[in-house]
Asks: 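Okay, here's the structure, questions in a sec.
What you see is a predicted model, and the numbers here were worked out from it, not measured in a lab.
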Amino acid sequence: MVKTPWLHIVGIGEDGMDGLSPVTRAVVEAAEVIVGGDRHHTLSVNPDAERIAWPSPFDAMINSLESLNGRRAVVLVTGDPLWFSVGARIGRAIPADQLVYHPQLSAFQLAAARMGWSLADVETLTVHGRPVEQMIAFIQPDQRLIVLTTGADTPAQIAKFLTDRGFGKSQMTVLAAMGGEREERFDGTAADWSHTVPAFNTLCIDCVAAPDAALLPRVPGLADTLFQSDGTMTKQEVRAATVAKLMPMRGALLWDIGTGCGSVAIEWMRAARYARAVGIEPRADRRAMAAANALALGAPKLELIDGTVPYALEGLDAPDAIFIGGGLSRATFDAAWAALRPLGRLVANAVTLESEAELFALYREFGGDLVKLQVNRAEPVGRLTGWRPSMPVTQWSLVKR
C-alpha cells in the first residue's frame, strides 16, 4: 500500500506566494498547519491554517513535525530545502514516501546571477548557525565564494579574516532580500569594509591576494610556522605524507591520538568537506594550542578530549581513520584497531627506537606499509650552505579489510 505524503517542505523566496508554481501555491493554500519562521509566515498566505513557529530548542523540530502526521502540513524554508537547509535534517528522520519537496531558487543561484558568476566555478559555503572561522580554509587566490551568513556582523568578521591574511583587496558584495521589493546591494573591499547590512544576507567574495598574502592550500603540508607549538609536532613534510596515507574524505571522522598542537587533525579537516576530527590529548597546554590553531586555520569544529587510550575512546563514534602520533603501545593499537571501521586507515609514526620496535612487530603481524622518512634542510654553515638532517620518522600505515 502506497502512503500519501502528508508533509510538504516548501521553499519560498522574498516574492512570497507570487514566486511559487501553481501546484506549490495550491499546497500552501490548502494546508491545515504551516510551520516556519516569522519571515516565512509573513511571506505566505493562508488565513485558515494553524501557524506554528520553529520549536525551541530547534532539535525538538522532528518530534513537533511527527505529531502533525494525519494533517495537511507544510514546512516553509528559504530557497532550496535541500541545499544547506532544514529539508535534509527532516529527510533523515521522516520516511521519504511521507515527504514532498518543493524547491525554490536558492540564495546561491540568485547571488550568482546578480554577480554574473558561473555557479559551477564558485565555492558555496554556509556559516549560518556555524562557526564563521570555518570559511578561512577556503580563502585562496582568485577564488570566488558565496557565503550564507549568520547575521549582520558576519561580513565584517570575514573582511577581517581576509585582511589579516593578506587578502584585503578582495571584492565583497552583500546581497539582501534578493528577489523582493526591498532588495539591497552593498559593495566594497575587505580592507575598507564599513557597511551596515541587514541581518538576513548573502555574501559574495572575489578573493584577491597581495604579494605577501598567506597561502594556505587545502592539500596537506602547511608550514610549521603557521601552528602554535611547543616544538613537539608532526613536521610539514612528514605531516603531508601522514595525511595522504590517512586519505581524508567527505564527512569522514579521524581520531588523532596524542594530538599535540593539532596539526594532523587540522590538515585532515581542511582537506575534505565536512571532515571531522577528535583529538585525544592529556596535556591541557597542548589542547589549548590545538584549539587556537584550529580557529586560526579554519577547522573550528575540532573536538578535543582530555584523556588517554583506551579509556578516552569510550562513547566515541567509530572512526574512518586513526593517527597515532603519541603514546604508541600495543594496548593503544589494539583498542584503536578494534574501533576502526572497515576500509578504515591507520597511520602510526615513531621517532624513538622503542616505538620503532613496536611498529616493526605490528608490521610483521598485520602487514601494511612500513617506511622511514627523513628530511634534510639547507641551512647556513658559516658563509656557505649545507644540509641539516631532521630526526628520521618511521611510519607504519595499513587499511582495515
Asks: Would you mind listing every salt bridge (charged side-chain N to carboxylate O under 4.0 Å, His left out) that reaches into residues 128-147, with sequence neighbours excluded?
Replies: R144-D206
Asks: Enumerate donor-acceptor pairs with a distance under 3.5 Å from any side-chain N or O in residues 295-308 to protein atoms, sequence neighbours excluded.
Replies:
from: D306; atom 1: OD1; to: R287; atom 2: NH1; distance (Å): 3.3

Asks: Testing T126, L110, I205, L119 for side chain to side chain contact (heavy atoms under 4.5 Å, CB included) with I146, which one passes?
Replies: L119
Asks: If I compare all heavy atoms of I266 with all of A290, which pair ends up nearest, and what's the gap?
Replies: CD1-O, 4.0 Å
Asks: Among L340, D256, L346, exactly one meets side chain to side chain contact (heavy atoms under 4.5 Å, CB included) together with P319. Which residue is that?
Replies: L340
Asks: Any donor and acceptor pair, going by atom type alone, linking the side chain of T242 with main-chain N or O of V238 inside 3.5 Å?
Replies: yes
Asks: Got a salt bridge between D320 and R341, using NZ or NE/NH1/NH2 to carboxylate O under 4.0 Å?
Replies: yes
Asks: Between E267 and G221, is there a donor-acceptor pair closer than 3.5 Å when you use the side chain of the first and the backbone of the second?
Replies: yes
Asks: Apply side chain to side chain contact (heavy atoms under 4.5 Å, CB included) to W193 and V174, showing your working.
Replies: CA-CA 11 Å; W193 189 262; V174 167; 3.5 Å; yes
Asks: Determine whether R273 and E123 satisfy the following criterion, side chain to side chain contact (heavy atoms under 4.5 Å, CB included), listing intermediate values before the conclusion.
Replies: CA-CA 11 Å; R273 282 283 194 118; E123 286 280 9; 2.8 Å; yes
Asks: For a 4.5 angstrom cut-off between non-hydrogen side-chain atoms, does L145 reach M135?
Replies: yes
Asks: Taking the side chain as everything from C-beta on, heavy atoms only, tell me whether I257 gets closer than 4.5 Å to I322.
Replies: yes
Asks: Would you mind reporting whether P248 and V243 have side-chain heavy atoms less than 4.5 Å apart?
Replies: yes
Asks: Check step by step if side chain to side chain contact (heavy atoms under 4.5 Å, CB included) holds for V264 and L246.
Replies: CA-CA 10 Å; V264 169; L246 290 167; 3.9 Å; yes
Asks: Okay, side chain of Q395, backbone of A348: is any donor-acceptor separation there less than 3.5 Å?
Replies: no
Asks: Name all pairs fulfilling the side-chain hydrogen bond (donor to acceptor under 3.5 Å, both in side chains) condition that reach into residues 275-284, sequence neighbours left out, sorted by first residue then second.
Replies: R283-D285
Asks: Does any non-hydrogen side-chain atom of H195 lie less than 4.5 Å from one of P155?
Replies: no
Asks: Can you confirm whether V35 sits close enough to L68 that some side-chain heavy atom of one is under 4.5 Å from a side-chain heavy atom of the other?
Replies: yes
Asks: Please work out whether the ring planes of W337 and F333 are parallel, tilted or perpendicular, with thresholds of 30° and 60°.
Replies: parallel
Asks: If I compare all heavy atoms of G36 with all of H41, which pair ends up nearest, and what's the gap?
Replies: O-NE2, 3.1 Å
Asks: Side chains of R286 and T259: closer than 4.5 Å at any heavy-atom pair?
Replies: no
Asks: For V208, check side-chain contact (heavy atoms from CB on, under 4.5 Å) against everything at least two apart and list the hits.
Replies: K169, S170
Asks: For D38, does the CG atom sit with more than 12 other heavy atoms under 6.0 Å from it, leaving out its own atoms?
Replies: no
Asks: Using atom types as modelled and distance alone, determine if a side-chain donor or acceptor of T234 lies under 3.5 Å from a backbone N or O of R239.
Replies: no
Asks: Would you say N46's side chain and A31's backbone share a donor-acceptor pair under 3.5 angstrom?
Replies: yes
Asks: Check whether any side-chain N or O of E183 sits under 3.5 Å from a backbone N or O of G179 as a donor-acceptor pair, and report yes or no.
Replies: yes
Asks: Under 3.5 Å, side chain of D224 to main-chain N/O of Q236, donor-acceptor pair present?
Replies: yes
Asks: Compile the donor-acceptor pairs under 3.5 Å between side chains in residues 73-85 and protein atoms, sequence neighbours left out, one pair per line.
Replies:
from: T78; atom 1: OG1; to: R39; atom 2: NH1; distance (Å): 2.7
from: T78; atom 1: OG1; to: H40; atom 2: NE2; distance (Å): 3.0
from: D80; atom 1: OD1; to: L82; atom 2: N; distance (Å): 3.0

Asks: Could you report the tightest heavy-atom contact between L316 and A312, atom names first, then the distance?
Replies: CD1-O, 3.6 Å
Asks: Flag yes if more than 12 heavy atoms outside E379 fall under 6.0 Å of its CD atom; otherwise flag no.
Replies: yes
Asks: Within a strict 4.5 Å, meaning less than it, do heavy atoms of the N69 and Q98 side chains meet?
Replies: yes
Asks: Does R218 use its side chain to pair, donor to acceptor, with the backbone of R270 at less than 3.5 Å?
Replies: yes
Asks: Could you list all the salt bridge (charged side-chain N to carboxylate O under 4.0 Å, His left out) pairs where at least one residue sits in residues 15-32, not counting sequence neighbours?
Replies: D18-R25, R25-E29
Asks: How close do C207 and F167 get, heavy atom to heavy atom, and via which atoms?
Replies: CB-CD2, 4.1 Å
Asks: Could you check S44 against I12 for side chain to side chain contact (heavy atoms under 4.5 Å, CB included), going step by step and ending with a plain yes or no?
Replies: CA-CA 8 Å; S44 61; I12 194 166; 4.3 Å; yes
Asks: If only atom types and distance count, is the side chain of E237 paired as donor or acceptor with the main-chain N or O of V375 below 3.5 Å?
Replies: no
Asks: Can you tell me if R330 has over 12 outside heavy atoms packed within less than 6.0 Å of its CZ?
Replies: yes
Asks: Which atom names give the shortest non-hydrogen contact between A176 and F200, and what distance separates them?
Replies: CB-O, 3.7 Å
Asks: Counting C-beta onward and ignoring hydrogens, is there a side-chain heavy-atom pair between H8 and H102 closer than 4.5 Å?
Replies: yes
Asks: Which atom names give the shortest non-hydrogen contact between T202 and A107, and what distance separates them?
Replies: OG1-CB, 3.7 Å
Asks: Without swapping roles, check the side chain of H128 against the backbone of T149 for a donor-acceptor pair under 3.5 Å.
Replies: yes
Asks: Is it the case that the side chains of R114 and T173 hold a donor-acceptor pair, with the cut-off being a distance below 3.5 Å and no angle test?
Replies: no
